[in-house]
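Remarks on the structure that follows.
Numbered from 1 within each chain, the chains take letters A, B, ... in sequence-line order. Being a predicted model, the structure only gives us computed values, none of them experimental. Side chains are part of it too, since the values below use all heavy atoms of this structure and drop only hydrogens, waters and symmetry mates.
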Protein chains: 2
Amino acid sequence: MNDALRTAPNLDETDLAILERVETDFDVSLETLAEELDLSKSAIHYRLNKLKDNDVIEGITADVDPLAFGLEMVAITDVSVTHEQGYSEDIGEALAGLEGVDQVYYTLGDIDFVVISRVQTREQLNELIDRIVAIGGVNETSSKFVMREFENERSVTANLTPAAREAVLEPSTD
Amino acid sequence: MNDALRTAPNLDETDLAILERVETDFDVSLETLAEELDLSKSAIHYRLNKLKDNDVIEGITADVDPLAFGLEMVAITDVSVTHEQGYSEDIGEALAGLEGVDQVYYTLGDIDFVVISRVQTREQLNELIDRIVAIGGVNETSSKFVMREFENERSVTANLTPAAREAVLEPSTD
DNA sequence: AATGAAATCGACCAGCA
DNA sequence: TGCTGGTCGATTTCATT
């Protein structure tokens, strides 16, 4: 009935609780987690390791504030390309490789790529757009200026829909 | 000459080297960092703490793979609103609060909000778009389906333009 | 701001349910 | 497989420079 999950991680509520916690703050001590979830420190550690081995947790990273680097200008650039046949991968990687580029999405529809970039000044934005246009195969670009960002939590577990949550806890057939 | 930086963190090359490392992988041991940078373990630790106190490092987080949760469908939704006067903040927060929504950008131009969301199934996507339309003030939506994502490194220090890098190392006047 | 020593916390192992 | 308790190694803290 439910074959939405390719990689069935087979998680339980305890795993979700751990993930929800460490996804927003990995600086919580094992002891705190152990107390909150009524488990031993070793058990928490065991589960965390399993989550890393399963690649549910891809890695532990420090989140650097872009504003601390004066990266105050955010732009969303729609990029259309000329020959879409097969070249999309190369162009996507070229876009992602540009300095200042944060995220690149290849989309269906009129626009082929959506590029989100972050720079300090209008000059840098100008140069970045020039470099985008200079990529072979790029046809047209259209940029929007971002006034405000509303969420960068990037919290996968916290933003699950109830259906998505259920699907994880009750894997299909295995 | 260079007033691009509001928050001057006063960093040096060593700080940048540490940041570049821990931003992609915080699991490196202090010893490894100490050897690489020819410093004592305590010095690395001291600098890391300072970077946290200065909010250059906003936090340490575990990166959870959305695919492990079957979140295979990514959509970019352009949202236009009716009355833009003052309500943008409320609408932005309402959008960001929806389950499945990952990022929300308020932009200048024809489109007012760009919403990036991540769900498991077409049904969930459908429901999400319905919930977006149901938000008071939302006028029109247009969604694009994402076929491929090219960069989610979210590495601030690694993606700095040379100019941006220089601006950090040589703060303006202070 | 950096160092080295002492206290604290996390990683790993053997054993057990 | 998942958990426990204990040991070792790493990290955090602090007095000192």
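Rounded to whole Å, the distance from CD on B/Glu31 to C1' on C/dG4 is 14 Å. Atom CG in A/Leu33 sits roughly 12 Å away from atom P in C/dA11 (whole-Å rounding). Rounded to whole Å, the distance from CG on B/Leu51 to C1' on C/dA1 is 13 Å. Distance, A/Asp12 CG to D/dC3 P: 8 Å, rounded to whole Å. As a whole-Å value, the separation of A/Ile18 CD1 from D/dG2 P is 12 Å. If you take CG of B/Leu39 and C1' of D/dT11, they are 17 Å apart, rounded to a whole angstrom. Note: CG (B/Leu37) to P (C/dA2) measures 11 Å, nearest angstrom. C/dG4 atom P lies 13 Å from atom CD1 of B/Ile44, rounded to whole Å.
For the OP1/OP2 pair of C/dT3 and a distance below 4.0 Å, the side-chain nitrogens and oxygens of B/Ser40 include at least one atom meeting the criterion. Put simply, A/His45 has a side-chain N or O that comes within less than 4.0 Å of OP1 or OP2 on C/dA11. For D/dT4, neither phosphate oxygen OP1 nor OP2 lies less than 4.0 angstrom from any side-chain nitrogen or oxygen of A/Lys41. At C/dG10, none of the side-chain N or O atoms of A/Asn49 fall inside 4.0 Å of OP1 or OP2 (strictly under the cut-off). At D/dC3, none of the side-chain N or O atoms of A/Tyr46 fall inside 4.0 Å of OP1 or OP2 (strictly under the cut-off). Within the 4.0 Å cut-off from OP1 or OP2 of C/dA2, at least one side-chain nitrogen or oxygen of B/Arg47 is found.
Of all heavy-atom pairs between A/Ala163 and B/Gln124, the closest is CB-NE2, 3.7 Å. The minimum heavy-atom distance between A/Gly100 and B/Thr161, with the atom names listed, is N-CG2, 4.5 Å. Residues B/Asn159 and A/Val101 share a closest heavy-atom pair of ND2-O, 3.2 Å. Smallest separation of non-hydrogen atoms from B/Asp112 and B/Val81: OD2-N, 2.8 Å. A/Ala62 and B/Phe26 make their closest contact through CB-CD1, 4.0 Å (heavy atoms, listed as atom of the first residue, atom of the second, distance). When all heavy atoms of B/Phe113 and B/Val104 are compared, the closest pair comes out as CD2-CG1, 3.8 Å.
When each of B/Lys52 and A/Ser42 is assigned the nucleotide of DNA chain D with its nearest heavy atom, A/Ser42 is the one assigned upstream, toward the 5' end.
Each of B/Asp25, B/Asp63, B/Asp27, B/Thr24 was evaluated against A/Thr61; a single residue qualifies, B/Asp63, per the side-chain hydrogen bond (donor to acceptor under 3.5 Å, both in side chains) test.
Of the residues in residues 19-30 of chain B, those placing a heavy atom less than 4.0 Å from an atom of DNA chain D are B/Ser29, B/Leu30, in numerical order.
Between A/Glu99 and B/Arg165, none of the side-chain N atoms (NZ, or NE/NH1/NH2) sits under 4.0 Å from a carboxylate O, so this pair counts as no salt bridge. Under 4.0 Å is where a charged nitrogen must lie from a carboxylate oxygen, and between B/Lys144 and B/Asp78 at least one such pair does.
In terms of modelled atom types and a separation under 3.5 Å, the side chain of B/Thr82 and the main chain of B/Gly137 share a donor-acceptor contact.
End-to-end axis angle of the helix from C/dA1-D/dT17 to C/dA17-D/dT1, using five pairs per end and rounding to 10°, comes to 40°.
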